[in-house]
Amino acid sequence: MTAVVALARAGKDALTATNPNDFLFHSSYNTFKIILEGLHSITLAASTANQSFSINHGFSFIPVVAAFAKQDGASRVFAPNSEDVLSWNSTVGTIGTGVRFNYVESDATKIYFNFNNDNGSTRDIIIKYYCFEGIT
Amino acid sequence: MTPIIRVAKPTKNALTITDPRDMIFSSQYGTLKYYDIEFLTVTVTPLAPHGRTVLTHNLGYYPFIEVYIDETGSGQYQYVPLSGGGVAVQFNFKYVITTTTISFYIDTLGVVGSSITFNFICFIFKNTLGF
């Protein structure tokens, strides 16, 4: 018989529950471990699309990555595949700052961050990145 | 020596493994701490093609979040931010996080006929983004 370590949610019985959602932890189900996280500062060149930046992740496998971005001095965070939304109104919808976080991706050695900057001046960006377990 | 709690995957030895892919759990690695799930609805129409809803979290920091969206009745959830559409219709779904709120946006182009209702599902984690 395989030993199990299980911690049930409040109101659930760890000995009888079978739904994974009823557990805070269960040794039969993998946890999504954060194996690396950090902040990375970049400066976007003016009036330039498709700007790529990278850092080494140091793993022997391709990690799952997630990232968020914030313009230096701003008080809002935006995600990949999204522009930095400055404001909104019902007539035109979202009004962006001219900065777009196009994507985050990883390969065997690096994490890549790609941005557009439509502004006529540089923009300083802080990126929060996470590496989770390996894709491969 | 710092004590470690580690649960290995089947056939792996918890005492000797070093690759996180071999572990079910290890106290050496952080995890996302699930805090809350919120369901939010936004409706767009041909005359009002832009929508927004704001969720107040009041955590006092920028939280890690995961967002999905589906069109009411479709049962097909997609990851947000998301851009897509077809020949005549375009959709753009995105969000912005502040230390007190999460704003969800829908911009559409080419919607005709009746209104369309979208459902955001937002998973909020206690983990701070650390900005």
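First the proteins, then the strands, lettered A, B, ... as listed; each starts at 1. Every heavy atom of this structure was used, including side-chain atoms; hydrogens, water molecules and symmetry mates were not.
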As a quick check of understanding, evaluate side chain to side chain contact (heavy atoms under 4.5 Å, CB included) for A:Asn81 and B:Tyr79, giving each step before the final call.
CA-CA 10 Å; A:Asn81 198 25; B:Tyr79 194 72; over 6 Å; no
Under 4.5 Å side-chain linkage, directly or through intermediates, the cluster mates of B:Val54
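None; B:Val54 is a cluster of one.
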Answer with yes or no whether the hydrophobic clustering places [X] together with [Y]; edges join I, L, V, M, F, W, Y residues whose side-chain heavy atoms lie under 4.5 Å apart.
X	Y	result
A:Ile95	A:Val85	no
B:Phe91	B:Val42	yes
A:Phe101	A:Ile55	yes
B:Leu40	B:Tyr34	yes
B:Ile37	B:Tyr35	yes

Which atoms of [X] come close to chain B, meaning under 4.5 Å heavy atom to heavy atom: side chain ones, backbone ones, both, or neither?
X	value
A:Ile35	both
A:Phe59	neither
A:Val92	backbone
A:Ala69	backbone

Closest approach of [X] to [Y] (non-hydrogen atoms, all atoms of both residues):
X	Y	answer
B:Val7	A:Ser27	CG1-CB, 3.8 Å
A:Thr91	B:His50	O-CD2, 3.3 Å
B:Pro20	A:Glu133	O-OE1, 3.8 Å
B:Arg21	A:Ser60	NH2-OG, 4.1 Å
B:Pro81	A:Pro80	CG-O, 3.3 Å

Under 4.5 Å from any heavy atom of chain A - which part of [X]:
X	value
B:Phe93	neither
B:Val96	both
B:Ser27	neither

Query raised in the report: Got a sec: does the CD1 of B:Ile5 have more than 12 other heavy atoms crowding it under 6.0 Å?
Result: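 Not more than 12 within 6.0 Å, no.
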Can you confirm whether more than 12 heavy atoms, excluding those of A:Lys12, are under 6.0 Å from its NZ atom?
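Count not over threshold, so no.
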Residue pair B:Thr99, A:Ser75: steps toward the side chain to side chain contact (heavy atoms under 4.5 Å, CB included) verdict = CA-CA 8 Å; B:Thr99 57; A:Ser75 55; over 6 Å; no
Step-by-step side chain to side chain contact (heavy atoms under 4.5 Å, CB included) determination, B:Asn92 to A:Thr94: CA-CA 10 Å; B:Asn92 195 304; A:Thr94 53; over 6 Å; no
What distance separates [X] [atom1] from [Y] [atom2], expressed to the nearest 0.5 Å?
X	Y	atom1	atom2	answer
B:Arg52	A:Asn89	CZ	CG	9.0 Å
A:Glu37	B:Asn127	CD	CG	7.5 Å
A:His26	B:Ile24	NE2	CD1	10.5 Å

Does some side-chain heavy atom of [Y] sit less than 4.5 Å from a side-chain heavy atom of [X]?
X	Y	result
A:Phe68	B:Tyr62	no
B:Phe131	A:Leu39	yes
B:Asp19	A:Phe61	yes

A:Val77 and B:Phe64: side chain to side chain contact (heavy atoms under 4.5 Å, CB included), yes or no, with the steps? CA-CA 10 Å; A:Val77 171; B:Phe64 188 113; over 6 Å; no
Q.
Under a 4.5 Å cutoff for heavy-atom pairs, which residue among B:Gly51, B:Pro10, B:Ala8 has the most contacts with chain A?
A.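 When all of B:Gly51, B:Pro10, B:Ala8 are compared, B:Gly51 has the most.
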Between B:Thr31 and A:Lys33 (side chain of the first, backbone of the second, donor and acceptor by atom type, cut-off under 3.5 Å), is there such a pair?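 Side chain of B:Thr31 to backbone of A:Lys33: no pair is present.
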* Considering only heavy atoms, give the residues of residues 112-132 of chain A separated from chain B by less than 4.5 Å, sorted numerically, with 'none' for an empty result. =>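 Within residues 112-132 of chain A, the residues under 4.5 Å from chain B are A:Ile126, A:Ile127, A:Lys128, A:Tyr130, A:Phe132.
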